[in-house]
Structures are given as C-alpha cells and as structure tokens.
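Below is one structure, written out as structure tokens; the observations come after it.
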Amino acid sequence: MPRTEEAEAFFHAVYSAIQEIPYGKVTSYGHIARLIGTPQRPRQVGVCLKHLSADPSFTFHNGNVPWQRVINSKGGISPRGHPSGAATQATVLRGEGVTVSRNAMGEYSVDFSEFGWFPRQLPSHVAEGLDPFIDSDGDE
DNA sequence: AATCTGACTTCTA
DNA sequence: TTAGAAGCCAGAT
C-alpha cells in the first residue's frame, strides 16, 4: 500500500483510469500516465499494478481492475522478470478475445490494431484507422 | 539515510 | 531498424 496520501491519490487515479479500458481492448502504461496528468511516470503506473491485491475486500483489486489490458508502448506484454506473469496475462487477454502472439523467445505481444490508443512513435500509416478508446485530455 | 531496482517511454546514434 | 542512454520516482534493501 502507498505510504503517503499523495501516493494514495496516484494509485487511485491509476486504477480508476484502467477501469475505463473497454473489454477486449488494450492500452499502454504511458497512456494511463497521460490520462491522469502525470505523463512522466509510466513506470509508476507499473508499480501500481504490481501492488494490486487479489483480496476483494480492497477497493481496488485483481477482480475489478483490468490489469491485463495494460501493456507497453511497443505492443509487448512486459515480462516483469518472471515469465509466468506475462504468460498469465496473455491467457487472460486471449480469454476476452484479444489476439496475442508469442515469438521464439517466449515474448508475448499484441497487434497495434488491438490498441485503444497508440504510442507517439507508431508510424502514421499504422495509426490510421485506429480508434482511441479515450481522448487524450486534449493536449498536443 | 543511501543506494538499487524496475509490470516504462522517448530521444539519439 | 536496432541499441543504448537518459529521465522518471515509489518501493525494497
């Protein structure tokens, strides 16, 4: 659990934003960070997910925060050191209809067409036709 | 208190 | 196109 009130608010914002990701869609850590007004802290978004509890008595937990729909800006499922975590995430995503591929090195990835939002560096010809699930708070 | 780590992203070679 | 480094900052040692 967060130590300070400020951190608590950050966690709350992250979890709330993630709950807005539609079923069958994925987005990036960076997008969540932008949505809640802290575009420089995608890593901390990952920290929040890492701390998600399985205990349903918590306000936010595995069961009501679709953690599996958050992947990295390259379209990959972050391996977080232990491969089984990514494998589990891939399984859950496939369960809701998302196409997840696996390469020879055991890394999982999701096609950009499944993205609800796409990273800045994504080539425009790929970005074309994608439908953002949330409007990025009007910046740019 | 000080240092290391990492469920990230972006910029530069 | 790919690789490396910087920036980020809450947790864990």
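By the ring pair (Phe, Tyr, Trp, His ring centres under 6.0 Å) test, A/His12 pairs with A/Phe60, sequence neighbours left out. Shown here are the side chain to side chain donor-acceptor pair (under 3.5 Å) partners of A/Ser101, two or more places apart in sequence or in another chain: A/Ser109. Every side chain to side chain contact (heavy atoms under 4.5 Å, CB included) that A/Ser78 has, sequence neighbours left out, goes to A/Tyr29, A/Asn72. Shown here are the side chain to side chain contact (heavy atoms under 4.5 Å, CB included) partners of A/Ser53, two or more places apart in sequence or in another chain: A/Asp55, A/Phe58.
Across the protein-nucleic acid pair, A/Arg34 atom CZ and C/dC8 atom C1' stand 15 Å apart, rounded to whole Å. Between the NZ atom of A/Lys74 and the P atom of B/dT10 there is a distance of 10 Å, given to the nearest Å. Atom CZ of A/Arg41 is separated from atom C1' of C/dG7 by 13 Å (rounded to the nearest Å). Taking atom CD of residue A/Glu107 and atom C1' of nucleotide C/dT2, one finds them 14 Å apart after rounding to whole Å.
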N/O contacts under 3.5 Å, protein versus nucleotides 5-8 of chain B?
| unit_1 | atom_1 | unit_2 | atom_2 | d |
| --- | --- | --- | --- | --- |
| B/dG6 | N9 | A/Arg43 | NH2 | 2.8 |
| B/dG6 | N7 | A/Arg43 | NH2 | 3.2 |
| B/dG6 | N3 | A/Arg43 | NH2 | 3.4 |
| B/dA7 | N7 | A/Lys50 | N | 3.1 |
| B/dA7 | N6 | A/Leu49 | O | 3.4 |
| B/dA7 | N1 | A/Arg80 | NH2 | 2.6 |
| B/dA7 | N3 | A/Tyr29 | OH | 3.3 |
| B/dA7 | N3 | A/Arg80 | NH2 | 2.7 |
| B/dC8 | OP1 | A/Ser78 | OG | 3.1 |
| B/dC8 | N4 | A/Arg43 | NH1 | 2.8 |

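Side chains of A/Ile21 and A/Ile32 form a contact here, defined as non-hydrogen atoms less than 4.5 Å apart.
Nucleotides B/dC4 and C/dA6 are separated by 15 Å at their P atoms, to the nearest Å.
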Expected list for residues 88-98 of chain A: side-chain donor-acceptor pairs under 3.5 angstrom, two or more places apart:
| unit_1 | atom_1 | unit_2 | atom_2 | d |
| --- | --- | --- | --- | --- |
| A/Thr88 | OG1 | A/Ser84 | O | 2.9 |
| A/Gln89 | OE1 | A/Arg80 | NH1 | 3.0 |
| A/Gln89 | OE1 | A/Arg80 | NH2 | 3.1 |
| A/Gln89 | NE2 | A/Gln68 | O | 2.9 |
| A/Gln89 | NE2 | A/Val70 | O | 3.0 |
| A/Thr91 | OG1 | A/Ala87 | O | 3.0 |
| A/Arg94 | NE | A/Val100 | O | 3.2 |
| A/Arg94 | NH2 | A/Val100 | O | 2.6 |
| A/Glu96 | OE1 | A/Gln68 | NE2 | 3.0 |
| A/Glu96 | OE1 | A/Arg69 | NH2 | 3.4 |
| A/Glu96 | OE2 | A/Gly24 | N | 3.0 |
| A/Glu96 | OE2 | A/Arg69 | NE | 2.7 |

